[in-house]
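Note sheet for the following structure.
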Amino acid sequence: MKQTKKLLSVLLCLALVFCLAVPAAFADDTYTLTINSKTPNHDYQAYRVFSGELATDPSGTGADTLINIDWGTGVKDTTALLNAVKAITVNGDTPFKDCDDAAAVADVLAAENATAVTDAFADVVARYLADSPTGTGTTAATATGNVYPATIPGLPAGYYLVKEAAFTGDEGDNNSYTKFILQLVKDKTVSAKADVPTLDKQVKDKGDTAATPADGTNVSVGDTVTYTLTSKVPDMNGYNKYFFVVSDTLSAGLTPNANSIVVKLNGTALTKDTDYTVSTTPAVPMAGQPTTLEIVFKNFIQYNTTTHIGKAIEITYDATVNQYAAAGATGTSNSAKLTFSNDPNYTYVGDPADSDKPATGEPVSETPSTIANVYTAQLQINKVNVEDFPLTGAAFTLTGDGVITTGVTASDTFTPDASGTYYKLNSGAYTTTTPDGSNDDLYESTTQKYTRTPGTTSWITEAQGTNVAGEVGADGVVTFTGLGAGTYILKETKTPANYNTIDDITLVLNFTPPATVTTGTEKGTWSGTYKVGDGAPQTLTVDSNTGVISLDIENRSGAELPATGGMGTTLFVCGGACLMLAALVVLAVRSASKKNDRHHFKA
């Protein structure tokens, strides 16, 4: 009886083990595919192209593989698909021509192990995908580390084509679609196969050989600057055609020299009209209007080789800073962007007029605008007397290396107007200082008001390093515009009547560019010093908002008497002492004479 019970217990245990083992042996395991993208707003679809049975290595040291491969549920019209695959040509070869079934196609893919063959196969399969994907996933709204993961769970073992359905963000986002083939026999994490190109732009003064390109720099109007745009050749695997179009828009204050454009790939200059084309809008740059340069790379996908992928692309060209450049703290901007193909699932054709540019509606993306600014200074000279009232009848010359093409503004006009803010002085100058009873004698009228109309700016071109002349207007102001940082000499060449000419003034203008320029509105910082004659340097006044540099130049009227404690006082003291000494001598002589007479008389 005991033996029977033991036997029954053993059988029950075996039955239990058998019942537990059956589901494990025949379970249809599924896996999770995680796709890490460098950017958000992507919807991914996974299509099971090949199905099969998972064969595991009993030793645990080998790789799990698929056997008994057949077409998967992610494709349709498999007969037509097979015929299309057999016709694939890669570099003159037809690798799938002898394939009669899905297993043979999979064997070729595994044996070739070549990106070009896999991409060609993916292009064909993409035309025969099932109406619904095997699984889908969307990138997370926030990044994990520096990637945005998307998970696709519940995928059985097989070979999958993973493609992008759409951006869930703006179509113009700096994104790129993805498409690739992978084997899934366990949970797997991959990176989105989408290489997104970038574009960066910087500027330097061409004449400053020591300068390095930066986001912003100071210049004089008339200077030539060099712009440098940099990018890299992206990985274009999976694309049938790839557009690479650079659009560079210069503000009205910049005149481009299209003939100066040089394009290099990995340090080697490309040939215009053979490797790229250049066009300008408008065709002839017009004064006071923006100009756009467009550089179109021809047959850009030819660089999709291991020799070129990741190599530097550099575009340089020159532009002249003209009189429409902004002055002061505000910069004159130059903005560039790159348009590129973004969907390897799409068969590109190109614009009928230029097949190297995208046709309307073809999927492309644009990089964010990259901006570089140039800054130029404005110097305002205010001619005043000791009471700080403006003076007319003064003229100056400004000399320095920053004098090339300089704007000189003066000759303001004033019109009687009861709503005006200016008053006319007896000197002929105008002021915004209101008569207060104590200074009424300085005004031509204490009731008549005037409005001011700024004078026009004359642009004077001189050889660099020479001088430019300007005369103050009726408000006692003359402005020099279009100067760069540097050292200048301001000389008074005409002095108001009955006033003394001031000594030459040395000005030093300094500039600090913004650390980075991203919107083009970033302001630069001007500063500087001045000294009159051999005097000590003093700080220039700079408007913190506009960046305009101003200098009050004071003239004194009549002959200048020597200052108290100076040589003049010394002369008066010495003269007085001599007179006193002479008087004492005379007194001493007279006293001696009288004594002699008395003595004589006494004698």
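One-based numbering along the sequence shown.
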query: Has D534 got more than 12 heavy atoms of other residues, nucleotides or ligands less than 6.0 Å from its CG?
result: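 No, the 6.0 Å shell around CG holds no more than 12 heavy atoms from other groups.
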
Kindly give the heavy-atom pair with the smallest separation between [X] and [Y], and that separation in Å.
X	Y	value
L199	S231	CD1-CB, 4.2 Å
G465	D401	CA-OD1, 3.7 Å
A252	N322	O-ND2, 3.0 Å
S527	V542	CA-CG2, 4.1 Å
E444	Y450	OE1-OH, 4.0 Å
D205	G207	OD1-N, 3.0 Å

Roughly how far, to the nearest 0.5 Å, is [atom2] of [Y] from [atom1] of [X]?
X	Y	atom1	atom2	result
E294	T281	CD	OG1	7.0 Å
K201	T370	NZ	OG1	7.5 Å
D200	T367	CG	OG1	10.0 Å
I553	I381	CD1	CD1	4.5 Å
F511	L483	CZ	CG	13.5 Å
E554	I502	CD	CD1	8.0 Å

Between [X] (side chain only) and [Y] (backbone N and O only), is there a donor and an acceptor less than 3.5 Å apart?
X	Y	result
N257	D318	no
E362	V349	yes
D275	K272	no
N500	R556	yes
T280	P282	no
N373	G520	yes
K204	G216	no
S251	T332	no
N439	P435	no
T466	A463	yes

[X]: side chain to side chain contact (heavy atoms under 4.5 Å, CB included) partners, not counting sequence neighbours:
X	value
V548	Q378, Q380, T546
V284	none
T217	V203, V219, V374

- request: Apply side chain to side chain donor-acceptor pair (under 3.5 Å) to the pair Y317 and D248, showing each step before the final yes or no.
  value: CA-CA 11 Å; Y317 69 91; D248 193 319; 3.0 Å; yes

- request: Determine, step by step, whether K241 and N299 satisfy the side chain to side chain donor-acceptor pair (under 3.5 Å) criterion, reporting the C-alpha distance in whole Å, the side-chain angles of both residues, the deciding distance to 0.1 Å, and the verdict.
  value: CA-CA 8 Å; K241 190 179 188 68; N299 189 27; 5.9 Å; no

message: Go through it in stages, so that I can follow the logic: the residues are T255 and T320, the test is side chain to side chain donor-acceptor pair (under 3.5 Å), and I'd like the CA-CA distance, side-chain angles, deciding distance and then a yes or no.
response: CA-CA 5 Å; T255 304; T320 302; over 6 Å; no

Short side-chain donor-acceptor distance under 3.5 Å, S445 and T447: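 The criterion, which ignores hydrogens and geometry beyond distance, is satisfied for S445 and T447.
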
- prompt: Do T479 and T409 have side-chain N/O donor and acceptor atoms under 3.5 Å apart?
  reply: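 Looking only at side-chain atoms, T409 and T479 do not form any donor-acceptor pair under 3.5 Å.
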
message: Applying the ring-ring contact (aromatic ring centres under 6.0 Å, His included) criterion to Y430, which one of Y422, F389, F414 satisfies it?
response: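 The ring-ring contact (aromatic ring centres under 6.0 Å, His included) with Y430 is passed solely by F414 among Y422, F389, F414.
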
message: If the condition is ring pair (Phe, Tyr, Trp, His ring centres under 6.0 Å), which residues does Y348 pass it with, not counting sequence neighbours?
response: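 Result, ring pair (Phe, Tyr, Trp, His ring centres under 6.0 Å) vs Y348: F243, Y346.
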
task: Go through the structure and list residues passing ring pair (Phe, Tyr, Trp, His ring centres under 6.0 Å) with F396, not counting sequence neighbours.
output: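 Expected list: none.
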
- request: Please test R452 against D412 for salt bridge (charged side-chain N to carboxylate O under 4.0 Å, His left out), starting from the C-alpha separation and ending with a verdict.
  value: CA-CA 7 Å; R452 170 179 173 264; D412 297 345; 2.8 Å; yes

Within-4.5 Å side-chain heavy-atom neighbours: [X] and [Y]:
X	Y	answer
F297	I313	yes
P234	F300	yes
V468	F480	yes
V245	L338	no
Y499	N385	yes

task: Show your reasoning for whether side chain to side chain contact (heavy atoms under 4.5 Å, CB included) applies to W459 and V221.
output: CA-CA 10 Å; W459 288 90; V221 171; 4.0 Å; yes

task: Kindly indicate, with the supporting measurements, whether the criterion side chain to side chain contact (heavy atoms under 4.5 Å, CB included) is fulfilled by L293 and I261.
output: CA-CA 10 Å; L293 296 174; I261 292 177; 4.3 Å; yes

query: Would D351 and K357 pass as an ion pair if we require N to O under 4.0 Å?
result: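 Looking at K357 together with D351, the answer is no, because their closest N to O distance does not fall below 4.0 Å.
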
query: Under 4.0 Å between a Lys/Arg side-chain N and an Asp/Glu carboxylate O for K491 and D504?
result: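 The answer is yes: the pair qualifies as a salt bridge.
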
query: Given L551, which of N382, T541, L507 fulfils the side chain to side chain contact (heavy atoms under 4.5 Å, CB included) condition?
result: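 The side chain to side chain contact (heavy atoms under 4.5 Å, CB included) with L551 is passed solely by L507 among N382, T541, L507.
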
field: Result of checking T432, D475, T431 against P390 for side chain to side chain contact (heavy atoms under 4.5 Å, CB included)
entry: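 Result: among T432, D475, T431, T431 is the only option passing the side chain to side chain contact (heavy atoms under 4.5 Å, CB included) with P390.
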
task: Determine the interplanar angle of the Y303 and H308 rings, folded into 0 to 90°, and report it as parallel if under 30°, tilted if 30 to 60°, perpendicular if over 60°.
output: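 Judged by the thresholds at 30° and 60°, the geometry between Y303 and H308 is perpendicular.
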
- request: For residues 509-518, pull every pair meeting side chain to side chain donor-acceptor pair (under 3.5 Å), keeping only residues two or more places apart or in separate chains.
  value: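 Passing the test, one end in residues 509-518: T518-E522.
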
Steps toward side chain to side chain donor-acceptor pair (under 3.5 Å) verdict (N342, S365): CA-CA 6 Å; N342 69 8; S365 282; 2.8 Å; yes

query: Passes side chain to side chain contact (heavy atoms under 4.5 Å, CB included), V408 versus I460? Steps please.
result: CA-CA 8 Å; V408 180; I460 303 168; 3.8 Å; yes

message: Would K449 and D417 count as a salt bridge (charged side-chain N to carboxylate O under 4.0 Å, His left out) here? Give the steps.
response: CA-CA 6 Å; K449 295 181 179 181; D417 189 333; over 6 Å; no

